[in-house]
Amino acid sequence: MKLANVDGRAVLLTAEDKGIDVAKASGGIFGFGSLYQNWTEFRAWAKKLTAEPDVVFTRAQLGPPSPAPRQIVAIGLNYDAHAAESGFAAPDGLPPVFTKFVSALTSPDAEVVLPPGGNVDWEVELVAVVGQTTHQVEESEAWDYIAGVTIGQDLSERVSQLAGPAPQFSLGKSFPNFAPVGPWLVTPDELADRDDLALSCAVDGETVQDSRTRELIYPVGKLISALSRTITLYPGDLVFTGTPSGVGVGRTPQRFLRAGEELVSRIEGLGEMRQTFVADPEA
């Protein structure tokens, strides 16, 4: 099953540009106000749905497939090669955890304003969307708590992130539109191997990251279980699982995003996102 956010309405996809309006088809029972909170019931209803497509849309109408998460949890240094290029040893236990503030969440093809004086970097990531309240779950059961997966870009402004006596990860990664997510949610049963997906991103056609999620130090099930030992994840929450090597700050010379450039992020079976970057008009 693929679920999209089209102009704020939940749509079950039947093709990449059409689908079924969930609220209309369910008589108002399901929609983004209740869908993730009742994910098990929604999945059972969706499997029996026989309605014809009633929505045709363009990518400009797409929003993040979980439009109102209570939390956006993000993970650092979760690929060996990325830890190395960042100057760190691979973590022995749970990798670093931070948040991207919800105000940074945006659509999969959003335009992003570059903060003045900053160095904005790319980080393509697999994002897990939580499907039920998750606390103290075992690794073997963790995937059962995930509604689906999607693509995310953990855009990062490195100057503010690394300034000060201690890094400000959450602030440096939470400027407006620094958390594009989409283009839609894909349920794990749609994927040939949910733990081994190709992911990549390119700047103006030049591939800068290219890896597979099997390289995650903490794969999705282990990560969700480990997080749930401390925090409670709620339906609709987003978990950015970490980025592979190839980020701009780890290059020699370093390379950051510039106004006019296009960033394309892809994950196998999930589609792609496109961001364009513009200078701050008030700078």
Side chain Asp210, main chain Ser200, donor-acceptor under 3.5 Å: no
The test is side chain to side chain donor-acceptor pair (under 3.5 Å); show your working for Ser245 and Glu85 and say whether it passes. CA-CA 7 Å; Ser245 63; Glu85 72 177 354; 4.9 Å; no
Hey, could you give me the CD/CZ distance between Gln153 and Phe178, rounded to the nearest 0.5 Å? 10.5 Å
We want to know whether Thr243 and Gln209 form a side-chain donor-acceptor pair, criterion being a heavy-atom distance below 3.5 angstrom. yes
Taking atom CZ as the centre, does Arg70 end up with more than 12 heavy-atom neighbours from other residues, nucleotides or ligands that are less than 6.0 angstrom away? no
So do the side chains of Thr213 and Tyr79 get within less than 4.5 Å of each other, counting heavy atoms only? yes
Side chains of Pro65 and Val181: does their closest heavy-atom pair fall under 4.5 Å? yes
Can Arg59 and Asp109 be counted as an ion pair, charged N to O under 4.0 angstrom? yes
Whether Gln61 side chain and Asp7 backbone form a donor-acceptor pair below 3.5 Å: no
Nearest 0.5 Å, what's the CZ-CZ distance between Phe256 and Arg251? 11.0 Å
Can you measure from OG1 (Thr150) to CH2 (Trp184) and round to the nearest 0.5 angstrom? 9.5 Å
Does Gln254, at its CD atom, have more than 12 non-hydrogen atoms belonging to other residues, nucleotides or ligands within less than 6.0 Å? yes
Euclidean distance, Leu257 CG relative to Phe277 CZ, rounded to 0.5 Å: 4.5 Å
Heavy-atom side-chain proximity of Leu13 to Lys18 below 4.5 angstrom: no
Run Leu171 and Phe101 through side chain to side chain contact (heavy atoms under 4.5 Å, CB included) and show every step you take. CA-CA 8 Å; Leu171 288 180; Phe101 291 103; 4.2 Å; yes
Shortest non-hydrogen contact between Ser66 and Gly236, atoms and distance: OG-O, 2.6 Å
Would you say Trp122 and Val249 make side-chain contact, with heavy atoms under 4.5 Å? no
Would you sort out whether Leu126 and Val220 count as a side chain to side chain contact (heavy atoms under 4.5 Å, CB included), showing the intermediate values? CA-CA 9 Å; Leu126 179 71; Val220 173; 3.8 Å; yes
Considering all heavy atoms of both residues, which atom of Val247 and which atom of His82 are nearest to each other, and what is their separation? CG2-CE1, 3.8 Å
Provide the closest heavy-atom pair for Val159 versus Gly117 in the form atom of the first, atom of the second, distance. CG2-O, 3.8 Å
Ile75: which of Leu216, Leu227, Thr241 passes side-chain contact (heavy atoms from CB on, under 4.5 Å): Leu227
Around atom CG of Asp189, are there more than 12 heavy atoms of other residues, nucleotides or ligands at under 6.0 Å? yes
Could you tell me whether the side chain of Ile151 reaches within less than 4.5 Å of the side chain of Pro108, counting heavy atoms only? no
Which label fits Phe42 and Phe30: parallel for a plane angle under 30°, tilted from 30 to 60°, or perpendicular past 60°? perpendicular
Heavy-atom closest contact (Ile20 atom, Ala25 atom, distance): CG2-CB, 3.8 Å
What distance separates Thr232 OG1 from Gln136 CD, expressed to the nearest 0.5 Å? 8.5 Å
Side-chain (Asp237) to main-chain (Leu233) donor-acceptor, under 3.5 angstrom: no
For Val22 and Val11, run side chain to side chain contact (heavy atoms under 4.5 Å, CB included): C-alpha distance rounded to whole Å, both residues' side-chain angles, the deciding distance at 0.1 Å, then the answer. CA-CA 5 Å; Val22 169; Val11 172; 5.8 Å; no
Work out which heavy atom in Ala259 is nearest to a heavy atom in Ala279; give both atom names and the distance. CB-N, 3.7 Å
Where do Leu199 and Arg266 land on the side chain to side chain contact (heavy atoms under 4.5 Å, CB included) test, with the steps shown first? CA-CA 6 Å; Leu199 73 167; Arg266 298 183 176 95; over 6 Å; no
Using side-chain heavy atoms (C-beta onward) and a distance below 4.5 Å, is Leu114 in contact with Val278? no
Honestly curious: do Val73 and Ile146 fall in one hydrophobic cluster under the side-chain, below-4.5 Å linking rule? yes
Any salt bridge (charged side-chain N to carboxylate O under 4.0 Å, His left out) pairs touching residues 137-149, not counting sequence neighbours? Glu138-Arg229
Between Pro183 and Leu62, is any pair of side-chain heavy atoms under 4.5 Å apart? yes
Report the relative orientation of the aromatic rings in Trp39 and Tyr36; use parallel for angles under 30°, tilted for 30 to 60°, perpendicular for over 60°. parallel
Salt-bridge present (Arg274, Glu262; N to O < 4.0 Å): yes
With a 4.0 Å cut-off on N to O distance, would you call Arg258 and Glu261 a salt bridge? yes
Shared hydrophobic cluster, Val124 / Leu191 (ILVMFWY, side-chain heavy atoms < 4.5 Å): yes
Test item: Thr230 side-chain N/O and Ser228 main-chain N/O as donor-acceptor pair under 3.5 Å: no
Answer with yes or no whether the side chains of Glu157 and Ser160 bring together a donor and an acceptor at under 3.5 Å. yes
Would one find more than 12 heavy atoms of other residues, nucleotides or ligands at under 6.0 Å from atom CD of Glu52? no
Test of understanding: clusters of I, L, V, M, F, W, Y form through side-chain heavy atoms closer than 4.5 Å, transitively. Do Leu155 and Ile72 belong to the same one? no
Assigning hydrophobic clusters by single linkage (Ile, Leu, Val, Met, Phe, Trp, Tyr; side-chain heavy-atom cutoff under 4.5 Å), is Trp45 placed with Ile29? yes
NE2 on His135 to OH on Tyr145, rounded to 0.5 Å: 11.0 Å
Nearest atoms (heavy-atom pairs only) where Leu105 meets Pro67: CD2-O, 3.8 Å
Asp121 bridged to Arg158 by N-O distance under 4.0 Å: yes
Going by an N to O cut-off under 4.0 Å, is there a salt bridge joining Arg43 and Glu41? no
Just grab all the side-chain hydrogen bond (donor to acceptor under 3.5 Å, both in side chains) pairs involving residues 168-183, residues at least two apart or on different chains. Thr106-Asn177, Glu123-Lys173, Asp154-Lys173, Ser156-Lys173
Are Met273 and Val239 linked, directly or through other ILVMFWY residues, by side chains that come within less than 4.5 angstrom of each other? yes
Between Arg212 and Glu268, does any side-chain N to carboxylate O distance fall below 4.0 Å? yes
